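Predicted, not measured: the structure shown is a model, and the values here were computed from it. One-based numbering, in listed order, for ligands and for the atoms of each.
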Amino acid sequence: MRYLTDASNLTAAQLGGFFVGWPSPPSPATHLRLLQSSFRAVVALPDDDDERVVGFVTAISDGVLSAYIPLLEVLPAYRHSGVGTELVRRLLGALDALYMVDVTCDPDVVPFYERLGFVAGTAMMRRQYQRQSGAPLAGA
Ligand SMILES: CC(C)(COP(=O)(O)OP(=O)(O)OC[C@H]1O[C@@H](n2cnc3c(N)ncnc32)[C@H](O)[C@@H]1OP(=O)(O)O)[C@@H](O)C(=O)NCCC(=O)NCCS
């Protein structure tokens with residue numbers, strides 16, 4: 001597995017199959033846009049001659065004290081072999097100068113993050129499901 005911390009040379013053609021189970025998933029072009037707009041991103045590619053992205057994680061941040069991990073996903077066929085752990089480990093390395101790194105996750109993913117040094121807290125969330133695809137607003 002190869003891991004890249006620079007998403008600037010990726011293309012939308014390398015992205016597909018993500019956002020499993022999302023009713024209104026972002027398109028590959030929108031996925032590329034969010035990877036390239038994040039404070040930090042790490043992507044996983046299978047090997048030297050396979051340019052498909054099979055896992056990614058992003059962080060948004062003020063660059064001073066705090067960061068938030070909004071998205072982490074590994075394609076189903078590549079799960080359970082340490083890719084997700086390595087993505088987060090590398091992301092945390094890139095965020096090492098910061099005080100706080102937060103993530104909101106489903107209860108079944110809590111042990112995954114605990115193994116990476118996170119502790120459980122209480123989160124509040126607001127979601128606008130009509131904006132789930134991230135498609136640009138008309139006139140924007
Ligand atoms: C969470 C996710 C990124 C983990 O990726 P991965 O490459 O399989 O991670 P690793 O191989 O490093 O670790 C897997 C371990 O994490 C734990 N784990 C991860 N997701 C889990 C889940 N949904 N339920 C139970 N355990 C889970 C298990 O202990 C698992 O061990 P196993 O492989 O023996 O079953 C992947 O399952 C995924 O993309 N899930 C859907 C999206 C998601 O939930 N993202 C997190 C949002 S914050």
A student comparing H80, M1, E114, E86 should find that the heavy atom closest to atom 33 (O) of ligand 1 comes from H80
Atom 21 (C) of ligand 1: of V110, V20, D108, the nearest heavy atom sits on D108
Side chains of residues 106-116: which donor-acceptor pairs under 3.5 Å do they make with residues two or more places apart or in other chains?
none

Should [X] be counted as touching ligand 1, given the test is an N or O pair under 3.5 Å?
{"X": "G82", "result": "yes"}
{"X": "L72", "result": "yes"}
{"X": "V74", "result": "yes"}
{"X": "G84", "result": "yes"}

Q: Indicate whether atom 11 (O) of ligand 1 is within a distance of less than 4.0 angstrom of some protein heavy atom.
A: yes
Problem set entry | Contact bool for atom 38 (C) of ligand 1 (protein heavy atom, d < 4.0 Å) | yes
With distance as the sole test, does [X] use its side chain to make a donor-acceptor pair with the main-chain N or O of [Y] at under 3.5 Å?
{"X": "R40", "Y": "A59", "answer": "no"}
{"X": "D6", "Y": "N9", "answer": "no"}
{"X": "Q14", "Y": "T11", "answer": "yes"}
{"X": "R131", "Y": "A135", "answer": "yes"}

Residues 87-108 vs ring pair (Phe, Tyr, Trp, His ring centres under 6.0 Å), sequence neighbours excluded, gives none
Which ligand 1 atoms does [X] reach within 4.0 Å, using its non-hydrogen atoms?
{"X": "T85", "result": "10 (P), 12 (O), 13 (O)"}
{"X": "Y113", "result": "48 (S)"}
{"X": "S81", "result": "11 (O)"}

Out of curiosity, is [X] lining ligand 1, as in a heavy atom under 4.0 Å away?
{"X": "P111", "result": "no"}
{"X": "R115", "result": "yes"}
{"X": "T104", "result": "yes"}

Residue, atom and distance of the protein heavy atom nearest atom 41 (C) of ligand 1 read R79 NH2, 3.6 Å
for atom 44 (O) of ligand 1, nearest protein heavy atom and its distance come out as V109 CG2, 3.9 Å
The answer for which part of F18 has a heavy atom under 4.0 Å from ligand 1 is neither
Give me the ring orientation class for F56 and F19: parallel if the planes are under 30° apart, tilted from 30 to 60°, perpendicular past 60°. tilted
Note: A67 and L95 closest approach over all heavy atoms is CB-CD1, 4.1 Å
